[in-house]
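Protein chains get the first letters and strands the later ones, always in sequence-line order, with residue 1 at the start of each.
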Amino acid sequence: MEQSLNFAEARHLVARTGLGAEWKLIKKLEGRTRQQAVNIVLHPQVYNPPAPPKMTAWHIRMNMHESKNPRHKMKMHAMTTLEGRRLKRWWIAHMRRTPSPLVEKLTLFWHGHFTSSLDKIEQPSLLYKQHMLLRRHALGSFSTLLKGVAKDPAMLVYLDGMLNEKRHPNENFARELLELFTLGHGYYSEHDVKNVARAFTGWSVDRYQERFAFNKEEHDNAPKKVLGKWVKNGDDVIRVLLQHPRTARTIAEKFWSLFINDAEPDSRTIQSWANTFRHSRYNIRTLLGSVFNSDAFWSEENRGALTKSPADLVVGSLRMVPWRTASMFSDKDVEGIFRLLGQDLFDPANVKGWKTGMDWIDAETVMVRSSMINKLTGGNMNARVNKGAGYPDAPPEQYQQWLLAQQPVSSLPETPGKARLVRALALDPVYQLT
Amino acid sequence: MNRREFAKLAALTPFAGMAGIMPELALSAKAEPTGKRILLLVELAGGNDGLNTLIPLKQRKKYEDARPTLAQKKVIDIGEEVGMHTSLEPLKSWWDEGQCSWVQNVGYPKPDRSHFRSKDIWETASSSDQQRADGWLSLVLPEKKQGLHGVVVGSGLGPMQGKQCRAVAMHDPRTFVKQAELVSQADVETSNPSLAHIIDVQQQVHGARQLLERSIRVRHIERFFPHRSNFNNDLKSVAKMIVGGADATVYKVTLSGFDTHAGQAITHKNQLAYLAKGLDAFANAMKVFKQWDNVLVMTYSEFGRSLKENLSGGTDHGTSAPQLVMGGKLKGGKLYGDSPDLNNLDSEGDIQYTTDFHSLYATVAENWWGGENPWTQYETLSFV
């Protein structure tokens with residue numbers, strides 16, 4: 001017999017699968033069985049982002065870039081920066097408002113997994129296209145996503161695929177495909193890297209259409225061995241990689257860090273998730289189902305065992321509580337805070353993508369995190385002023401359960417008042433965890 | 001300053017060294033250097049054009065052919081091999097006194113021309129085909145001392161990245177202290193490692209705050225930094241911290257704007273002037289406060305620039321470049337390492353490094369700090 005979720009369990013499910021422990025969602029899931037609740041979480045309504053900001057076409061930018069007039073070049077750089085910032089804010093705005101935060105969480109995860117950055121690509125419209133690809137398949141099929149990414153123009157620029165030619169193979173994409181996107185370090189040889197690079201030669205980009213273009217002249221069509229199997233082209237390589245058991249494990253391990261805790265993943269759990277994932281032909285929703293129904297996910301020991309990512313902390317906080325101060329955080333401000341905290345959207349620091357777990361926390365980010373919470377929870381503490389603010393009608397003990405994943409370590413205020421209590425709880429170090 | 005004023009100041013700064021408040025007094029009373037070995041790293045962000053910093057005189061024709069508009073005709077004489085860019089004039093007297101030197105043509109094999117990747121390679125002491133997450137200083141500082149390891153004035157911990165390193169980044173000490181006061185302070189035992197890490201970092205921040213509170217009160221530094229620029233302000237902050245006894249081993253400042261793809265002639269001239277004026281001011285301040293012997297200044301930059309100038313009157317991402325070292329204890333006034341050979345270029349037509357940057361780190365670890373040297377396979381240099 002399955003028991004129904006209590007408040008703390010419903011809160012755990014919402015906080016881990018969304019952005020912030022939103023009161024309404026918790027209340028919606030409280031009292032349902034685990035399976036029912038997980039099912040609701042796994043089938044969010046499709047909620048598409050609004051139209052993107054205007055972005056200059058690639059070929060126009062390239063013309064400016066190649067111009068002999070230094071002013072054109074400078075103008076081009078300024079334009080790229082501006083359009084990039086607008087794109088970042090566009091996503092932030094959507095994260096703050098969407099009723100389906102799981103889609104954002106997964107899109108952000110795939111953005112870290114299949115990294116590309118404005119810093120290198122200098123072409124916002126390509127990043128936007130990549131973003132829509134990641135979003136479309138965020139809970140869909142990993143194999144479709146992988147195939148799409150290999151032909152994605154932003155990726156072809158970011159990892160130099162478009163420079164990968166028959167006579168001058170470029171190994172950048174090949175190496176990261178093996179090391180970061182599928183198998184992981186140590187499961188392939190340098191020889192494999194070279195042959196994978198050869199197989200992907202000629203995979204290029206049409207600058208005018210801003211889409212994948214196959215350049216037959218530059219493709220090395222000779223058979224080559226990758227992981228002991230004969231391949232000719234990139235499609236063959238991807239097939240081989242999807243047959244390899246490591247690929248599913250790599251994703252399963254990363255989901256452990258995204259959903260379970262900051263420690264090393266449990267090998268047997270990973271094995272079971274990876275099996276399910278592979279046998280579902282890489283259905284991401286199926287993998288998520290395994291994760292959210294697992295004992296590891298529900299174990300009391302894992303409450304508060306995961307460090308909040310910048311998105312969890314910043315967007316999560318803004319979504320959770322009806323702050324009067326929320327208007328002090330424009331999408332532009334939030335974008336800046338994301339950058340300071342190390343989650344600069346469309347600009348991950350390096351090819352490894354986002355940090356995870358405890359690596360989010362250093363002296364610099366600790367200060368930015370507390371400044372942000374200070375500002376957000378500041379203002380008038382007077383209960384009368386905050387009367388209509390929309391704080392949930394619940395006893396103080398439940399506030400603690402709502403805002404914190406485990407017992408606070410600082411002492412709580414003796415003066416009553418919801419605003420004061422919320423502030424104290426949010427400033428507690430435990431609030432940085434989920 | 002009269003006696004009463006002095007008493008008032010002294011009361012305000014119960015634990016600050018007298019040097020901070022009364023340099024004149026300090027000179028007589030506390031003339032002994034403290035024996036600390038401070039490293040000030042100066043990042044020249046964007047990729048400094050080494051060939052227009054130290055102008056190659058021996059292959060001048062080749063240099064001038066490659067740079068029809070950017071070649072420097074006039075240089076500061078520091079010998080027959082190379083000449084300094086005229087903007088570096090303020091450094092000349094330090095060179096003459098043997099307290100300023102250049103390590104020539106510093107780089108690494110298979111140079112990466114991406115800003116972020118090459119910066120990572122330098123800052124983590126890795127190589128083109130190796131990724132490391134932690135900064136090079138995290139390999140040497142933790143065993144060197146307790147307490148605060150380093151302070152970055154600017155953003156990003158860079159070479160002090162990593163859990164082993166106790167470093168803080170700030171824009172200026174005053175703001176840092178104010179911000180740090182907002183950070184909660186819990187001192188509890190916990191079996192949750194994630195929580196323990198947060199509490200630990202929060203305590204580090206408070207530790208740094210206490211040390212930095214002194215530097216805020218340091219006076220008489222302003223007059224050494226008359227030029228108004230961000231770089232000067234950052235150096236002033238560092239000077240205050242050193243004089244105030246902040247007790248960090250490494251400081252880092254950044255001078256940005258070296259990515260001179262277009263219209264380089266003016267930009268680069270200005271950048272080098274900022275650099276030279278700033279370091280001249282800093283060195284003077286350190287000298288007066290009897291700290292100059294305790295300080296080693298060292299520059300780094302993700303790469304040098306292309307030998308050939310481009311069609312926009314600029315240069316593109318290149319390979320190796322000279323790095324500046326300064327300090328009271330420096331064996332300076334001469335060049336270290338070999339000059340680039342403009343007749344021996346790589347496949348992209350750029351110069352090939354002759355001194356590996358790991359040698360700089362090995363020198364700092366072994367000769368300056370006299371400690372463990374993780375880079376023994378690289379030669380140390382004798383500038384300190």
Side-chain angles (χ1 to χ4, degrees), chain A residues 66-74 77 117 119-120 160 171 175 179 185 190 261-263 301 303-308 339-340 342 347 349-352 355 357-371 373-375 406 408-411 424 427-434, chain B residues 114-117 119-120 129 131 133 148 151-152 155-157 160-163 165-170 175-176 178-209 259 261-264 310-314 347:
Chain A
E66 277 148 22
S67 161
K68 286 183 186 163
N69 186 339
R71 283 172 116 182
H72 283 174
K73 220 171 189 175
M74 277 198 246
H77 278 297
S117 76
D119 183 70
K120 162 120 185 202
D160 303 319
E171 293 171 9
R175 185 178 302 280
E179 181 182 336
H185 193 75
E190 282 300 303
N261 65 28
D262 291 343
E301 273 179 23
R303 306 275 161 89
L306 194 60
T307 305
K308 281 182 183 170
R339 186 176 52 248
L340 292 174
D347 258 326
N350 61 51
V351 65
K352 285 184 184 159
K355 293 177 178 173
M358 294 186 229
D359 288 343
W360 287 118
I361 303 289
D362 60 37
E364 203 176 359
T365 59
V366 140
M367 290 206 296
V368 178
R369 282 173 177 239
S370 37
S371 296
I373 299 298
N374 252 293
K375 195 169 158 193
Q406 62 175 66
V409 293
S410 329
S411 48
L427 284 170
D428 192 281
V430 173
Y431 185 73
Q432 303 294 326
L433 305 168
T434 178
Chain B
S114 140
H115 286 293
F116 74 96
R117 182 67 191 117
K119 179 176 150 85
D120 274 356
D129 28 50
Q131 294 237 11
L148 187 64
V151 176
V152 173
S155 45
L157 294 175
M160 285 182 277
Q161 193 76 249
K163 266 199 222 98
C165 243
R166 287 182 297 277
V168 292
M170 66 185 68
T175 320
F176 178 88
K178 238 166 72 186
Q179 274 201 338
E181 278 165 2
L182 300 175
V183 173
S184 70
Q185 223 171 343
D187 192 5
V188 285
E189 291 287 315
T190 168
S191 57
N192 178 342
S194 307
L195 182 57
H197 176 60
I198 293 167
I199 292 173
D200 182 46
V201 173
Q202 290 184 336
Q203 282 171 352
Q204 264 177 50
V205 167
H206 284 287
R209 175 180 60 85
D259 195 18
H261 285 283
Q264 173 178 314
N310 62 25
L311 296 168
S312 317
S347 57

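- Residue B/Ala133 does not touch chain A at all, counting heavy-atom pairs closer than 4.5 Å.
- Contact of A/Glu301 with chain B is not made at all, since no heavy-atom distance falls under 4.5 Å.
- At a 4.5 Å heavy-atom cutoff, A/Ser411 makes no contact with chain B through either its backbone or its side chain.
- Looking at B/Ala169, the atoms closer than 4.5 Å to chain A (heavy atoms on both sides) sit in the backbone and in the side chain alike.
- Interface remark: A/Asp362 contributes backbone and side-chain atoms alike to the contact with chain B (heavy atom separation under 4.5 Å).
- Considering only heavy-atom pairs separated by less than 4.5 Å from chain B, the leading option among A/Glu171, A/His77, A/Lys352, A/Gln432 is A/Lys352.
- The choice from A/Ala349, A/Ser370, A/Gly342 that makes the most heavy-atom pairs within less than 4.5 Å of chain B is A/Ser370.
- If you measure heavy-atom distances from A/Lys73 to chain B, the contacts under 4.5 Å come from the side chain alone.
- Side-chain contact between B/Ser184 and A/Asp428 is absent, with no heavy atoms from C-beta onward closer than 4.5 Å.
- Neither the backbone nor the side chain of A/Ala263 has a heavy atom closer than 4.5 Å to any heavy atom of chain B.
- Between the CE atom of A/Met74 and the NE2 atom of B/His261 there is a distance of 12.0 Å, given to the nearest 0.5 Å.
- The side-chain contact (heavy atoms from CB on, under 4.5 Å) with B/Ser194 is formed by just one residue from the set A/Asn261, A/Thr307, A/Leu306; it is A/Thr307.
- Of residues 202-209 of chain B, those residues with a non-hydrogen atom less than 4.5 Å from any non-hydrogen atom of chain A are, in numerical order, B/Gln202, B/Val205.
- Only the side chain of B/Val188 comes within contact range of chain A, with at least one heavy atom under 4.5 Å from a heavy atom of that chain.
- Here the rule is side-chain contact (heavy atoms from CB on, under 4.5 Å) with A/Val366, and of B/Val201, B/Val168, B/Asp200 only B/Val201 fits it.
- Between A/Ile373 atom CD1 and B/Leu182 atom CG the span is 12.0 Å, to the nearest 0.5 Å.
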